[in-house]
Amino acid sequence: MVDAKRSDEWEAVKSLKSLIQAGLDLGVPEAIRKAAQLQPFLHAITGNKAKESPGLAASVAGLVQSVKDDPQAMFQLAKEVWSRGGQKEKSSAAEAVGKGLGFLVPHKALQAAKELASMARSGKEADLVGRSAIEPLLEASPGLVDRVKLLLQENEKLVRYAAISGLVYFVGRKRKYAALGAEVLLLLAEEHEKEIRDAVKWGLNKIREVDPKATAVAVAAWVKSNPTTDRVNKAGTYLKARAVDVKTAVERGVLGVLARLNPAAKNGAKANGAAPKKRPAKKARRNAPAKR
């Protein structure tokens with residue numbers, strides 16, 4: 001556990017150093033100030049962490065403490081780098097928020113991730129925030145899932161898009177959250193924006209690959225709560241099944257959905273309470289009369 005924490009800490013300081021370098025390349029004043037302030041620490045943080053020395057350990061600790069004392073400066077730097085830079089710089093900003101600030105000050109980092117998502121100009125950039133900022137943040141602090149759920153209620157479409165992306169990538173690494181992830185995404189299944197509906201469909205398909213049973217249960221419960229034709233049709237696309245099969249299965253209950261629509265479920269006939277069909281017995285052939 002100690003080694004894992006040290007590894008995460010190393011990834012955190014590397015991402016923050018990359019952010020400062022990106023800021024220097026773009027001529028961001030805050031990056032110049034931070035680089036001068038942290039120069040003794042930054043100079044030592046190079047190479048492979050396997051070659052760690054007492055001096056390197058002290059430099060890592062110094063950088064970590066400096067960021068914890070003034071996280072707002074790094075948040076502002078991430079926003080500046082994101083707004084001024086191209087794809088490479090935006091990746092550095094998102095990773096610094098997710099791996100760096102997400103490890104050191106997770107609750108405040110989520111707000112920074114939200115601000116990056118609100119600055120996104122496309123679904124691709126929002127996905128970058130979800131994958132590189134929100135997912136690592138959840139990895140470090142799974143308890144923030146409930147706060148990420150709140151982002152799904154934001155007015156800004158791309159903020160919701162980033163939250164969907166981050167949640168789905170997180171579930172891909174943490175199978176035990178598959179059911180929760182599916183339930184949360186289904187709250188957005190009837191949104192008006194096509195991009196959000198498409199993101200929900202993509203997310204549910206990804207979660208189904210991780211845990212088909214949990215996904216089937218969540219989708220079945222969603223349809224049963226309001227079994228409209230639209231929901232039945234959507235459920236068919238989420239579960240890769242025919243709508244008529246979804247409707248029949250839901251009428252028989254959640255277990256019926258698992259039996260019919262979940263390829264990973266075993267003993268399907270037993271699950272929905274239906275006895276396996278028996279083949280009609282062949283009629284016994286009458287013995288031919290004995291020859292006299």
Side-chain angles (χ1 to χ4, degrees), residues 4-5 8-9 11-12 15-16 19 64 67-79 82 90-91 93-120 123 125-191 193 195-197 199-200 202-204 206-207 210-211 214-215 218 221-222:
K5 183 176 180 180
D8 291 341
E9 185 178 65
E11 290 299 319
S15 68
L16 293 171
L19 173 65
V64 167
V67 172
K68 287 184 175 180
D69 290 342
D70 185 19
Q72 192 58 40
M74 282 296 183
F75 293 143
Q76 186 59 36
L77 177 55
K79 291 167 60 178
W82 176 278
K90 283 178 167 57
S91 294
E95 288 180 8
V97 169
K99 292 183 179 180
L101 299 168
F103 176 74
L104 301 176
V105 282
H107 286 79
K108 294 180 179 180
L110 184 57
Q111 177 62 28
K114 174 186 172 182
E115 292 178 15
L116 290 188
S118 68
M119 296 166 67
E125 289 189 359
D127 180 73
L128 174 62
V129 175
R131 183 177 67 253
S132 298
I134 296 178
E135 189 277 328
L137 202 158
L138 288 175
E139 178 74 17
S141 303
L144 291 177
V145 166
D146 286 339
R147 290 188 59 184
V148 172
K149 287 166 60 177
L150 294 177
L151 296 183
L152 298 173
Q153 302 171 18
E154 290 289 325
N155 291 329
E156 295 181 67
K157 178 178 65 178
L158 292 181
V159 171
R160 284 179 284 158
Y161 194 103
I164 291 172
S165 175
L167 188 63
V168 171
Y169 286 120
F170 172 66
V171 169
R173 295 168 61 89
K174 297 287 185 180
R175 187 174 184 270
K176 67 179 181 178
Y177 290 98
L180 174 62
E183 291 171 10
V184 171
L185 290 186
L186 287 166
L187 297 175
L188 300 175
E190 294 169 310
E191 287 289 311
E193 296 99 336
E195 294 89 342
I196 297 298
R197 296 197 307 272
V200 169
W202 165 79
L204 287 169
K206 288 292 184 182
I207 294 175
V210 175
D211 191 335
T215 306
W222 176 70

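This structure is a prediction, so every number in the text was calculated from the model and none was measured.
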Of the non-hydrogen atoms in [X] and [Y], which two are nearest, and what is the gap between them?
X: L110; Y: R147; answer: CD2-CB, 3.5 Å
X: G123; Y: Y161; answer: O-CE2, 3.4 Å
X: L151; Y: I134; answer: CD1-CD1, 4.4 Å
X: L116; Y: K79; answer: CD2-CA, 4.2 Å
X: A78; Y: V97; answer: CB-CG2, 3.9 Å
X: A182; Y: A218; answer: CB-CB, 3.7 Å

Pairs meeting criterion salt bridge (Lys or Arg N to Asp or Glu O under 4.0 Å) with involvement of residues 177-188, two or more places apart
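Of all non-adjacent pairs touching residues 177-188, none passes salt bridge (Lys or Arg N to Asp or Glu O under 4.0 Å).
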Does the pair K114/E154 count as a salt bridge with the N-to-O cut at 4.0 Å?
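Looking at K114 and E154, the cut-off is met.
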For E139, is there an ion pair with K99 - N to carboxylate O distance below 4.0 angstrom?
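Here K99 does not pair with E139 in a salt bridge, since their nearest N and O are not under 4.0 Å apart.
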Candidate pair E115 and Q111, rule side chain to side chain donor-acceptor pair (under 3.5 Å), full reasoning
CA-CA 6 Å; E115 292 178 15; Q111 177 62 28; 3.3 Å; yes
Sole candidate of E195, E191, E193 that passes salt bridge (charged side-chain N to carboxylate O under 4.0 Å, His left out) when paired with K157:
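Result: among E195, E191, E193, E195 is the only option passing the salt bridge (charged side-chain N to carboxylate O under 4.0 Å, His left out) with K157.
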Mark yes or no for whether S141, through its side chain, and L138, through its backbone, hold a donor-acceptor pair below 3.5 Å.
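It does not hold such a pair.
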Please confirm whether the backbone N or O of G166 pairs with a side-chain atom of R131, one donor and one acceptor, at under 3.5 Å?
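Checked: no pair found.
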Using side-chain heavy atoms (C-beta onward) and a distance below 4.5 Å, is L186 in contact with L204?
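Contact flag for L186/L204 side chains = yes.
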Anything under 30° is parallel, anything over 60° is perpendicular, the rest tilted; go ahead and classify Y177 against F170.
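Tilted.
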Under the criterion salt bridge (Lys or Arg N to Asp or Glu O under 4.0 Å), I'd like the reasoning laid out for R173 against E135: C-alpha separation, chi angles, the key distance, then a yes or no.
CA-CA 9 Å; R173 295 168 61 89; E135 189 277 328; 3.2 Å; yes
May I ask you to check whether F75 and W82 place their ring centers less than 6.0 Å from one another?
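No; W82 has its ring centre 6.0 Å or more from that of F75.
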Neighbour count >12 (heavy atoms, 6.0 Å) for atom CG, D69
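Check passes, neighbour count above 12.
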Determine, stepwise, if the pair L16 / L104 fulfils side chain to side chain contact (heavy atoms under 4.5 Å, CB included).
CA-CA 11 Å; L16 293 171; L104 301 176; 3.9 Å; yes
